[in-house]
Amino acid sequence: MINFEIPADLQAQQQLIEMVAKQAMRPYSRQLDENEHARPKVFFDMTWPFTSNMVRSEIKALKKQLNGANGSNGSVAVKDKPRVNKAILALILMIEQMSWGDTGQYLCLPHPMLGGAAVNSAGTVEQRIRFLEKFSKGEPKWGAMAITEPGAGSDNSSMRTTAILDEETNEWILNGEKIFITNGKLALDESDGLCVVWATVDPKAGRAGIKSFVVEGHTPGVTIAKQEHKLGIKASDTVALHFDNVRVPYENLLGSAEVRQKVSSKGFAGAMKTFDASRPAVAASAVGIARAAVEFTHERLAEEGIVPDYTKSLHEMTAVERDLMEMESRWKGAWLLTLRAAAQMAHGESNRLEASMCKYRAGEAVTWITQKAVELLGPLGYSRELLVEKWMRDAKINDIYEGTRQINQLIVARSILGYSRRELK
Amino acid sequence: MLDFRLDEEQRMLTDAIARYAEQQVRKVFRDAEELGEIPVNVLQAGWEIGLLPTMIPEEYGGFGDHSAVTGAVAMEAFAWGDLAVTLNLMVPNLVAIPVLLGGTDNQKEGLLPEFCDETPPHFTAALTEPVIQFNPHKLRTTAVRDGDDYVLNGIKTVVPLAGDAKMMLVYASEEGVTQAFLVSAESDGLKIGARDKLMGIKALPTYTVTLENVRVAVTAKLGGEAGIDFGRILNHSRVALGAAAVGMARAGYEYARDYAKQRVQFGEPIAHRQSIAFMIADMATDVDEARLMVWEVAWLLDQGKDATHVAAVMKQRIDNLVLNVADRAVQVLGGYGYIREYPVELWLRNARGFATFDGLTIV
């Protein structure tokens, strides 16, 4: 049944995160933007108790699921209603609100993040518990995912990083170069986190050879090759990783026994499934910045006496009022598309098409909205005294990462036209 | 909890409407546009689906509750078939829904049962005025109290089916506030002028109506002494129009998508080219975005919340999106998009209308 209601407990969560955003994120935004690669320590300290608690309840639910599946608790739960996964919606809402605070800081949330999305999408229940439980306790930890290579951007399937099984020790040996890894340094060098690395077990097999491997923090052979200098999201570290004979246990290959067979497209499907979850997350982040820009532009213009009245006819509105209305309408449309993709996940429905739709529309919307905000605020919009110019720089990444706008349009087009990769290149 | 799936009842309703739209409306809509007339049997079949009675409470002869969300879902399904047919079918709503939302008990008892018959009553409404700077909150038609009467003066345009109307709900400004009055078409001083000549929706007969010192009793004022909350009525109208825009946009998107897969140039379907495929992807996303925005407003209205701001924002976005989708549909078809043998040029003409259709339909 059509319902736009956000459950009350999640609304309460949002208020709490809004407080975090105002107290622990916004006040440090400018400073972290001007000092690239500095760490948002206040944000880490404030969020770790919260995120570790979130993971703790997820692990609890997974353990229950595992026990239930094995029948070891002796009883089978009978439920009439299909289970609703509220946690995924909670995550999407959290991302939106934190990105409203500061996207660069949100991206270094001490949480499994993209690495978690990959483990959850490609891993078995046992693996999910084994790899993610450490994010529920102890010191702050970070998760990352390494898929892009210098020669393999949107074309993931041409990756060259290899994983060779050493049959004597039953370990995988990883070799190669990965780039554009968000939180790679935090996950592998500065904490006992993890990075999910996509590599091929058979370069000749194309997609079928691609599998994902969990590399844990401080694993020997991993080096940080480079920290990128970026247009925006400067608080977030983006690194290149070099894998030189990195050994991981056989069980760190994510997936069922079937996936572990040498040639199976299930491994690559896992990467694509990760995107079903991560694209709505990126869209939510984009929408958070968009809302920040819409709200701030309204507030500042109100101080100048410019308060749009939406009951006016178009003839009575000024050009600025019409721009404000368009900013708001594009923000709203993108947010609703995002919520739809999230609700589909929560209800256990497939959302591949809708995940790409919301991702590209939100990236497009936030890019336009923040650029418009700078314009409407004039010299103040362009000034580094305010955060608007920073939001515009931060926003642009949403039009690019987790699949550029164009790659997602391509996915949408193939899906609705029923075309293969060969038919629609 | 967030959910964007239709319930069982809505699915059954939209299935029935979709069948009607495909098997009956799509067979006649193109000729209807050229002839300026819709076959009576098609309109009667549409009325027999019985959408309006499902929105009228049992105490007034209907068998349902008013739900803007369900109305929006139905509206999209109808408009996929044809916009002019849809607007024609919904003309009775122009009186029924405002009476339901803002009428006095007497007005409800007197009027609502009429909408639950086997044929629709000949009622319509007059809101739009023939001025460039039309603003439904600042009407030029006036209503002035004179003893136990109101005296109405002004010119209305795009009044659907006014030629056959027995009664019309006339919107007029009473001391600067938009109110509505139930006016008999036989009233002295009320003149139904020539049929309007519009860019699109040509199958829907609309007229310009002049009111010159038209007298109605005070009891004819909708909502009695206190009058109506016109903003709320306008919000419901914007949901209806938004949903109709979604239905029409979806028709254009689907047509262009299917055409692009069949049209072969340079040895392969044109949909194999990104320049075409990306337009189609955008159209699909536009349709979904528009639908979600309409549903949100409808849902807020069903929750009894004020949706004026959200509805205005939605309307602005959808007026743009529907035009964009219809324009792309013509573009995908190229030369064939421009000739009247194909439906897409019709959809482009209709699409531009949404920016001016405020109040032309309601659910």
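Numbers restart at 1 for each chain; the letters A, B, ... are given by sequence-line order, proteins then strands.
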Does the distance from a Lys or Arg side-chain N to an Asp or Glu carboxylate O, for [X] and [Y], drop under 4.0 Å?
| X | Y | result |
| --- | --- | --- |
| A:Arg361 | B:Asp286 | yes |
| A:Glu316 | B:Lys138 | yes |
| B:Asp288 | A:Arg340 | yes |
| A:Lys359 | A:Glu402 | no |

Original post:
How about residues 249-279 of chain B versus chain A: which residues have heavy atoms under 4.5 Å apart?
Top reply: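 Only B:Tyr253, B:Arg257, B:Lys261, B:Pro269, B:Ala271, B:His272, B:Arg273, B:Gln274, B:Ala277, B:Phe278 of residues 249-279 of chain B have a heavy atom under 4.5 Å from chain A.
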Quick check on [X] against chain A: is it the side chain, the backbone, both or neither that has a heavy atom closer than 4.5 Å?
| X | answer |
| --- | --- |
| B:Lys315 | neither |
| B:Asp282 | both |
| B:Glu8 | neither |
| B:Asp302 | neither |

Contact class of [X] relative to chain B, heavy atoms under 4.5 angstrom:
| X | result |
| --- | --- |
| A:Glu349 | side chain |
| A:Ala334 | backbone |
| A:Leu314 | neither |

Shorter than 4.5 Å, heavy atoms on both sides: which option in [options] has the most such pairs with chain A?
| options | answer |
| --- | --- |
| B:Leu300, B:Thr285, B:Leu292 | B:Thr285 |
| B:Asn320, B:Leu6, B:Ile132 | B:Ile132 |
| B:Val313, B:Thr308, B:Asp7 | B:Val313 |

**OP:** On the 0 to 90° scale, with breaks at 30° and 60°, tag the A:Phe4-B:Trp299 ring pair as parallel, tilted or perpendicular.
**Re:**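 Judged by the thresholds at 30° and 60°, the geometry between A:Phe4 and B:Trp299 is tilted.
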Original post:
Do the rings of B:His66 and B:His236 sit parallel, tilted or perpendicular, given the 30° and 60° boundaries?
Top reply: tilted
In terms of heavy-atom pairs under 4.5 Å, which option from [options] contacts chain B the most?
| options | value |
| --- | --- |
| A:Glu326, A:Gln409, A:Arg322, A:Lys425 | A:Gln409 |
| A:Asp309, A:Thr311, A:Leu10 | A:Thr311 |
| A:Leu339, A:Val412, A:Ile6 | A:Leu339 |

**OP:** Step by step, work out the side-chain hydrogen bond (donor to acceptor under 3.5 Å, both in side chains) result for A:Ser158 and A:Asp155.
**Re:** CA-CA 6 Å; A:Ser158 63; A:Asp155 178 15; 3.1 Å; yes
**OP:** Could you check A:Ser350 against A:Gln344 for side-chain hydrogen bond (donor to acceptor under 3.5 Å, both in side chains), going step by step and ending with a plain yes or no?
**Re:** CA-CA 7 Å; A:Ser350 156; A:Gln344 286 174 313; over 6 Å; no
Original post:
Will you find, in the side chains of A:Glu364 and A:Thr367, an N or O donor that is under 3.5 Å from an N or O acceptor?
Top reply: no
Original post:
If you measure only the distance, is there a donor-acceptor pair under 3.5 Å linking the side chains of A:Tyr360 and A:Gln406?
Top reply: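 Distance-only check fails for A:Tyr360 and A:Gln406.
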**OP:** Hey, could you give me each pair passing salt bridge (charged side-chain N to carboxylate O under 4.0 Å, His left out) that has a residue in residues 88-100 of chain A? Not counting sequence neighbours.
**Re:** A:Glu96-A:Arg291
Original post:
Between A:Trp391 and A:Phe296, is the ring centre distance below 6.0 Å?
Top reply: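 That pair passes the under 6.0 Å test.
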